[in-house]
Amino acid sequence: MTFLINRRRLMLATSSAAAVGAFGVSPSRAATNELRVIVGGGDFGKAFVEAYVKPFEAETGVKVTPITQNIDPAQIPMMVTTKSVTVDVVIMGLPEQFAREGYLEKIDYSIYKKEELDGIIERCKHPYGVGPYVVSLNQVYNTKSFPADKPRPNTWSDFWDVEKFPGNRSLPSVNWAPWEEALLADGVPVDKLYPIDVERAVASLNKIKPHVRKWWMNGSEILQIMRDGVADLADCYDGRAVFLMDHGSPIEIVRNQAKLYSDYLAIPKGSPNAENAQKFIALALRSDRQAAFAKLYPQAPTNRKAYEFLDDKIARKLCTYPEYLKQGYFQDLKWYAEVGPDGMTNRDRLNKRWNQWILE
């Protein structure tokens with residue numbers, strides 16, 4: 001996926017001293033009638049420009065400079081502390097940590113129309129960031145391995161059941177590790193997933209480990225795994241699975257127990273154009289704009305009203321489609337970002353435990 005300040009990169013950021021490159025220290029910018037917005041690269045970036053940037057320029061007369069270059073998360077603290085903010089809108093996976101340390105502007109929800117604000121999924125409305133789309137990790141299976149006239153897996157317990165559903169498995173590793181999936185497979189209900197019971201999850205993972213043919217690290221890798229039939233069942237981004245299905249691969253997506261999360265649009269503290277940045281984010285959360293984006297790039301809207309602008313053929317490919325949304329759950333990013341007495345976040349701690357376990 002084309003992300004800008006995603007969670008993997010956030011975890012790699014250890015200090016502001018690591019921040020280098022085009023967004024490092026620059027002379028202070030004065031307020032202008034221009035916005036600098038990170039839009040990402042590839043098809044994602046092109047869709048972002050068409051759905052959000054061009055309409056914003058047309059409606060407000062404010063020029064937007066789209067930035068396709070990824071940004072190192074450590075660059076935000078550096079820009080803020082040196083009062084040299086060179087970008088006005090960013091996308092990030094975890095606003096909690098940056099907000100806690102005072103690196104983000106608070107979102108001005110007073111400028112949103114009530115019907116639009118009410119349409120946005122509650123989990124995607126953070127005091128310091130708003131989610132423009134939702135991504136999901138789902139169980140997928142090869143329909144040749146599990147034809148329609150035979151039992152098909154529908155839960156993570158089924159995925160773990162190698163006698164009833166034999167075949168190779170593929171699961172994500174490190175920052176995308178299947179902690180929640182392991183607990184669900186062991187019978188933990190969705191509303192009891194957090195705080196993560198690490199050792200119970202590890203015990204569950206021990207059961208499936210011998211049957212995992214490949215631990216994948218990124219979206220491209222799982223796409224290749226499923227396309228080549230390396231695994232019969234996998235934990236996969238639903239967008240990647242939809243892509244394969246659209247291109248004729250024998251793949252089926254299990255919407256039940258899908259793990260959902262959102263990235264967030266945010267404004268670095270001290271942006272000279274914060275007011276226009278607030279307006280840009282408000283536009284990107286509008287239902288008509290989110291529907292336009294979903295038509296160009298298969299990423300699910302966070303504004304439920306967007307489905308009023310989408311035909312059913314497109315809507316049913318998106319993980320926030322009302323029928324699917326009820327079957328999944330949101331990853332608790334707030335819990336992941338909580339810091340313990342040792343100064344580590346829960347995510348830090350999980351990653352450390354994962355790296356130990358995967359080598360055992």
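This structure is a prediction, so every number in the text was calculated from the model and none was measured. Both backbone and side-chain heavy atoms feed into the values below; hydrogens, waters and symmetry mates do not.
Of the possible donor and acceptor atoms, none in the side chain of D88 sits under 3.5 Å from a partner among the backbone N and O of L35. Judged purely by atom type and a 3.5 angstrom limit, R304 uses its side chain to pair as donor or acceptor with the backbone of G119. At distances below 3.5 Å, at least one donor-acceptor pair connects side-chain atoms of R100 with backbone N or O atoms of A337. Put simply, the side chain of R240 never gets that close to the backbone of M226: no donor and acceptor are under 3.5 Å apart. Within the 3.5 Å criterion, the main-chain N or O of L296 finds no donor-acceptor partner in the side chain of K46. The closest donor-acceptor contact from the side chain of R36 to the backbone of I67 lies at 3.5 Å or more, if one exists at all. Checked by atom type and distance alone, the side chain of R152 pairs as donor or acceptor with a backbone atom of F146 at under 3.5 Å. Between the R255 side chain and the L325 main chain, no donor and acceptor come within less than 3.5 Å of each other.
With hydrogens and angles left out, the side-chain atoms of N273 and S271 include no donor and acceptor closer than 3.5 Å. With 3.5 Å as the limit, one finds no donor-acceptor pair spanning the side chains of Q257 and T155. Residues Q97 and Y103 have side chains that never bring a donor and an acceptor to within less than 3.5 angstrom of each other.
Side-chain contact check for F165 versus K150: every heavy-atom pair is 4.5 Å or farther apart. In this structure the side chain of Y237 never reaches within 4.5 angstrom of the side chain of F243, judged on heavy atoms.
Ring-plane geometry between W156 and W160 is classed as perpendicular, the angle between the planes exceeding 60 degrees on a 0 to 90 degree scale with a lower cut at 30. Between Y133 and F293, the ring planes lie parallel to each other; the angle is under 30°, not in the 30° to 60° tilted range.
Partners of S145 according to the side chain to side chain donor-acceptor pair (under 3.5 Å) rule, which considers only residues two or more places apart in sequence or in another chain, are D232.
Here the shortest heavy-atom pairing between P268 and E105 reads O-CG, 3.6 Å. Annotation for R213 and V230: closest pair NH1-O, 3.6 Å, computed over non-hydrogen atoms.
Relative to the six-membered ring of W357, K209 meets both conditions, a distance below 6.0 Å and an angle of at most 45° to the axis.
Under a 4.5 Å side-chain heavy-atom criterion applied to ILVMFWY residues, the cluster that includes I314 comprises Y307, L310, L318, Y321, Y324 as well.
The existence of a salt bridge linking D311 and K313 is excluded, since no basic side-chain nitrogen approaches an acidic carboxylate oxygen closer than 4.0 Å. The residues E323 and R316 are annotated as salt-bridged, a charged nitrogen and a carboxylate oxygen being separated by less than 4.0 angstrom.
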